[in-house]
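The structure displayed is predicted, hence computed values, not measured ones. Side chains are part of it too, since the values below use all heavy atoms of this structure and drop only hydrogens, waters and symmetry mates.
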Amino acid sequence: MLIDFVPNVAGVSLAESGGFVKAPGGVPANVACAISKLGGFSAFVGKFGDDEFGHMLVDILKQNGVNAEGCLFDQHARTALAFVTLKSNGEREFMFYRNPSADMLLTEAELNLDLIRRARIFHYGSISLITEPCRSAHVAAMRAAKSAGILCSYDPNVRLPLWPSDQAARDGIMSIWKEADFIKVSDEEVAFLTQGDAHDEKNVLSLWFEGLKLLVVTDGEKGCRYFTKDFKGSLPGYSVDTVDTTGAGDAFVGSLLINVAKDDSIFYNEAKLREVLQFSNACGAICTTKKGAIPALPTTATALELISKGTN
């Protein structure tokens, strides 16, 4: 979890921006808040600087109903910062300040494994794989979850500026690929990981492996595609007035996780899965209609309202 500094005017470069609005960010934290806002129970595991920003972020988790037992503070490192450029179409570019930031310094010994073992699902990204000691902590947490029979959920969430090179990112992201029970990737991430056309099904299926229960590819405003051992298909997205795409994927993932936690038979029942992904598409769309990730996260009522309008 980190602080995003977002220009107060869209469509200008960081250098041109006259001012910035600070917003809580970081994909797993956004997902935790999305789950809570939809009426689920989530906990966050991570490390923050023992500074004003770090304490502000943990307070935001608590205010959003997220269990913060797994949050730690480091007295010697700062909370991570990112400057985010909002292009005029709501898409983003990132510039990060982490050298090293507290989140990178989480160690295996500091993990609250009891908290992790109480979960139905353990969800993670790939940014925690970039450097030690956080990489070892990530792998240990994932293994503890798997050995406890907890479903592992992976959203690689590629942020190339943080990796030493494109190939290091591919190798790092794929190093834990086959540990997951279900995976969500964006079309852009499919193109990056396979170095091919994301809309060619052969490329998507090159990411499939024996034992995976569900692979979901999000296609932005176009909706999503899904692949299981027994069936595959696609669902259209919803047409909304997009202001800022930050957090859209996290709202999508949060709503998917809450529904998997309620009933993991959706991996084997296409009708149920389609209903869940339709809801996830609506949650992702709503999140793009306001600035920032956490403030824009939908409630169940707003998602159902969009679905009832049938604007996809």
Side-chain angles (χ1 to χ4, degrees), residues 27 30-31 34-35 38 40 120-126 151-158 173-174 176-194 196-240 245 247-288 298 300 303-304 306-307 310-312:
V27 168
N30 293 343
V31 170
I35 289 166
L38 290 168
R120 290 290 306 277
I121 300 169
F122 180 57
H123 176 74
Y124 46 84
S126 69
L151 290 169
C152 286
S153 163
Y154 189 19
D155 175 1
N157 197 56
V158 176
I173 287 163
M174 297 308 293
I176 62 162
W177 195 259
K178 293 186 178 179
E179 303 284 344
D181 291 293
F182 56 109
I183 296 172
K184 172 256 166 192
V185 277
S186 69
D187 50 353
E188 289 174 352
E189 288 162 347
V190 171
F192 172 72
L193 291 170
T194 65
D197 180 359
H199 301 285
D200 183 335
E201 200 169 286
K202 283 205 304 290
N203 289 327
V204 176
L205 290 176
S206 72
L207 297 172
W208 182 265
F209 61 89
E210 191 60 40
L212 188 62
K213 294 177 171 68
L214 173 66
L215 176 65
V216 176
V217 180
T218 52
D219 290 311
E221 70 279 1
K222 296 193 203 82
C224 67
R225 289 169 278 162
Y226 58 87
F227 303 85
T228 74
K229 187 163 65 78
D230 301 315
F231 49 79
K232 64 185 181 184
S234 63
L235 279 159
Y238 288 85
S239 178
V240 293
T245 58
D250 310 330
F252 181 100
V253 169
S255 66
L256 174 59
L257 294 182
I258 202 170
N259 282 296
V260 171
K262 281 180 192 164
D263 180 8
D264 63 11
S265 75
I266 66 166
F267 296 136
Y268 315 104
N269 182 321
E270 188 171 13
K272 278 188 190 174
L273 179 63
R274 287 183 68 84
E275 197 177 315
V276 164
L277 291 175
Q278 181 184 37
F279 183 75
S280 293
N281 277 345
C283 287
I286 289 164
C287 197
T288 70
T300 301
L304 292 175
L306 181 59
I307 291 168
T311 51
N312 55 344

Please report the shortest heavy-atom distance between [X] and [Y], naming the atom on each side.
X    : Y    : result
S234 : R274 : O-NH1, 3.2 Å
L306 : A282 : CD2-O, 3.7 Å
T194 : S206 : CG2-OG, 3.5 Å
F227 : K232 : CD2-CB, 3.8 Å
A34  : A251 : CB-CA, 4.2 Å
I183 : F209 : CD1-CE2, 4.0 Å

Just so I know, are the side chains of [X] and [Y] near enough to count as touching, which here means a heavy-atom distance under 4.5 Å?
X    : Y    : answer
L214 : L273 : yes
E201 : R225 : no
F267 : L212 : no
Y268 : K229 : no
L215 : V185 : yes
F279 : I307 : yes
W177 : L193 : yes
L38  : C283 : yes

Nearest-0.5 Å distance that lies between atom [atom1] in [X] and atom [atom2] in [Y]:
X    : Y    : atom1 : atom2 : answer
T218 : E188 : OG1   : CD    : 9.0 Å
D264 : D181 : CG    : CG    : 9.5 Å
L207 : M174 : CG    : CE    : 5.5 Å
I35  : I258 : CD1   : CD1   : 6.5 Å
L256 : K184 : CG    : NZ    : 10.0 Å
L151 : R120 : CG    : CZ    : 7.0 Å

For this session: Would you please name every residue forming a salt bridge (Lys or Arg N to Asp or Glu O under 4.0 Å) with D197, sequence neighbours left out?
Result: none
Can a donor-acceptor pair be found, under 3.5 Å and without considering hydrogens, that links the side chain of [X] to the backbone of [Y]?
X    : Y    : result
D155 : G125 : no
D219 : K222 : no
E189 : N157 : yes
N203 : H199 : no
S153 : H123 : no

Exercise. When you look at D230 and E270, which way does the side chain to side chain contact (heavy atoms under 4.5 Å, CB included) test go after all the steps?
Worked result: CA-CA 9 Å; D230 301 315; E270 188 171 13; over 6 Å; no
Exercise. Taking only residues two or more places apart in sequence, or in another chain, which ones meet N281 in a side-chain contact (heavy atoms from CB on, under 4.5 Å)?
Worked result: C224, L235, Y238, F252
For this session: Sequence neighbours left out, what passes ring pair (Phe, Tyr, Trp, His ring centres under 6.0 Å) with F122? Give chain and number order.
Result: Y124
Exercise. Please walk me through it: do L257 and F182 pass side chain to side chain contact (heavy atoms under 4.5 Å, CB included)?
Worked result: CA-CA 10 Å; L257 294 182; F182 56 109; 3.5 Å; yes
